[in-house]
Amino acid sequence: MLDIRLIREHPDVVRRDLKKRGTAEKERLLDGVIAWDQEWRTAMTEADALKKRRNEITRAIAEAKKAKKDTSALQKDATELPEKIGALDAKSADLETRVRNGLMRLPNLLHESVPVGKDDTENVEVATWGTPRTFDFELKPHGELLEALQLADFERARKIAGAGFVYMMGDLVRLDQALLSFALDHLVKVGFTPVFPPYMMHRDAYEGVTDLGEFETVMYKVDGEDLFLIATSEHPIGALYKDEIIDEGQLPLAFAGISACFRREIGGHGVDTKGLFRMHQFNKIEQFVFCRPEDSWTWHEKLRANGEAIYRALEIPYRVVNVCTGDIGTVAAKKYDIEAWYPRQGKYREVISCSNCTDYQARRLNIRAGKVGGDKFTPHTLNSTAMATSRGLVAILENYQNADGTVTVPKVLRPFMGGQETIRAGTPR
RNA sequence: GCGGGGAUCGCCUAGCCUGGUAGGGCGCUGGAUUGCUAAUCCAGUGCGCUCUGCGCCCGGGGGUUCAAAUCCCCCUCCCCGCGCCA
């Protein structure tokens, strides 16, 4: 959420940003917000004047009663006030809600370095690492490979939960856990605190973290309860300090979230229709930071560096793109995607999304920082994937596939798998 | 799920019965004073606005009233006990 004061004082800045995004609809919303805000303040000022009058009369009555004087004249004066005040309050409450709702639907201000573009094809490559391995055999689709090795059962998962779910088994489970442990260890080493968050959240908390209106159709909701399954641990961690004041001495706060993630979106897997690439449920280690405003751009680079370090350690080639206006979404001021190389698909695909949300998320969540009794400020929040195992697993299954249908375990993961060097077949069922 | 008790400013607490400007303590910030890592005193310490001023704020919403922290109704959450339970 943008600061209404920014819109009042520098509407041109906000408008220029919306033009950069190319969203005419949001520009109209901005016009509405500006007009409603003006009307709101007018109505409120009128109501306040009447309330002042009411308070004066009320005090006069209290005084008169104390002095045992007659108060009927005063009470007569006050009789018509409640109705007028009520009408103005209702008007101003309605306008305030409109302003608030409008603000909640305006996107964050973009960082100046964000490229203009219509969709992900216009993201700008800013770094590459590694040389794609060449294969002298034809790579198997990872889904078929896993079924052949008895390590994943998509069919039975479909039977009991539908498409987009899987029973992972045997060494695939160990590989998944190894990826999680490796990524979590890496973050702990650089000072992050691990967090196992709730997997479900109330609507109001969710609205604080993101614009549910844009995502509700892809969220899982618990029937009959005000609970949404989390799409990422970014969300419960972001909401951790909702409605609180963080002591500024505590900043920066860096968390490594670990959780399953639930998303209804499912669609293209690229060249392979069956597989782990886009799932309704997957596991993820997430980086999340609360920091001082002046430090957030430094942190953004640190989170990106952590993500790159993890894929470098796995020896999987990747590139980094600066995500353009058409692909960046509502809450981020700037976003890097790290895209791993998928040899079977012959292209780079997103495995990490690294965002600086500046003060946008914190303001929606009513999180402030400072000293109690002292000046407060709105902290900045950042988030980045460290490891989403679904895509990480696919990257390994493609990049480390061998001609004999086995898969080599990346060196850095072996300590987490008892030194095992090769993925073995599971027990036939 | 049932019964009982609660929710007051960052934290703790008074006020509620009997309606009439929400008081105190702690912590924090600033200042005064004092030769000593201390004490004492003063002020500030929620939100909003078109800001010398005014309005709002007692978990949330509604009602009664000239006036509600206080009375009435609904809801949420927390605590204790019982029940159930992977």
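Only the C1' atoms considered, B:U45 is 14 Å distant from B:G25, to the nearest whole Å. Comparing the P positions of B:C9 and B:G19 gives an interatomic distance of 24 Å, to the nearest angstrom. Taking atom C1' on both B:C57 and B:A22, the two are 11 Å apart, rounded to the nearest angstrom. Separating the P atom of B:C73 from that of B:C78 is a span of 23 Å, rounded to the nearest Å. One C1' atom belongs to B:G23, the other to B:C75, and the distance between them is 30 Å to the nearest Å. Spacing of C1' atoms, B:G10 relative to B:G4, comes out at 31 Å, to the nearest Å. Annotation: B:G20 and B:C2 have their C1' atoms spaced 41 Å apart (nearest Å). Nucleotides B:C11 and B:G59, compared at atom P, are 13 Å apart to the nearest Å.
Regarding A:D204, its CG atom lies at a distance of 11 Å from the C1' atom of B:U76, rounded to whole Å. The nearest whole Å value for the distance from the CD1 atom in A:I245 to the C1' atom in B:G27 is 13 Å. One atom, CG of A:D89, and another, P of B:G61, lie 12 Å apart when rounded to the nearest Å. Rounded to an integer number of Å, the gap from CD of A:E244 to C1' of B:C9 is 16 Å. In this structure, A:I57 places its CD1 atom 16 Å from C1' of B:U21, rounding to the nearest Å. Atom CG of A:D243 is separated from atom P of B:C9 by 14 Å (rounded to the nearest Å). We find that CD of A:Q250 is positioned 13 Å from C1' of B:G10, with the value rounded to whole Å. Spacing between atom CG of A:N366 and atom C1' of B:G46 amounts to 11 Å, rounded to whole angstrom units.
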Its dot-bracket string being built from Watson-Crick and G-U pairs below 3.5 Å, with | for another strand and [ ] for crossing, RNA chain B has the pattern ((((((((.[[[[.)....(..]]]]((((((.......))))))((((...))))..[[[[[..)....]]]]])))))))....

For a quick test of your reading: what N or O donor-acceptor pairs under 3.5 Å do the side chains of residues 230-246 of chain A make, sequence neighbours left out?
residue	atom	partner	partner atom	Å
A:T232	OG1	A:E234	N	2.9
A:T232	OG1	A:K284	NZ	2.7
A:E234	OE2	A:Q361	NE2	3.0
A:E234	OE2	A:N383	ND2	3.3
A:H235	ND1	A:Y206	OH	2.6
A:D243	OD1	A:N366	ND2	3.1

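For A:D295, the salt bridge (charged side-chain N to carboxylate O under 4.0 Å, His left out) criterion is met by no residue, not counting sequence neighbours. Here A:E25 pairs with A:R28, A:R105 under the side chain to side chain contact (heavy atoms under 4.5 Å, CB included) rule; sequence neighbours left out. In terms of the side chain to side chain donor-acceptor pair (under 3.5 Å) criterion, residue partners of A:E216 (sequence neighbours excluded) are, by chain and number, A:R203. For A:K19, the salt bridge (charged side-chain N to carboxylate O under 4.0 Å, His left out) test picks out A:E27, with sequence neighbours left out. Among residues two or more places apart in sequence or in another chain, the side chain to side chain donor-acceptor pair (under 3.5 Å) test is passed with A:E301 by A:Y336. Residues passing the side chain to side chain contact (heavy atoms under 4.5 Å, CB included) test with A:D247 are A:Q250, sequence neighbours excluded.
Looking at A:D327 and A:K118, no side-chain N of the basic residue comes within less than 4.0 Å of a carboxylate O on the acidic one, giving no salt bridge.
Counting only N and O atoms by type, the side chains of A:Y318 and A:E339 include no donor and acceptor under 3.5 Å apart.
Aromatic ring centres of A:Y167 and A:F165 lie farther apart than the 6.0 Å criterion allows.
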Heteroatom pairs (N/O) under 3.5 angstrom, protein to nucleotides 47-57 of chain B:
residue	atom	partner	partner atom	Å
B:C47	OP1	A:R368	NH1	2.7
B:C49	OP1	A:R8	NH1	2.5
B:C49	OP1	A:R8	NH2	2.9
B:U50	OP1	A:R41	NH1	2.1
B:U50	O4	A:T42	N	3.1
B:U50	O4	A:T42	OG1	2.7
B:G55	OP1	A:N55	ND2	3.4
B:G55	O2'	A:D48	OD1	2.6
B:C56	OP1	A:R54	NH2	3.0
B:C56	OP2	A:N55	ND2	3.2

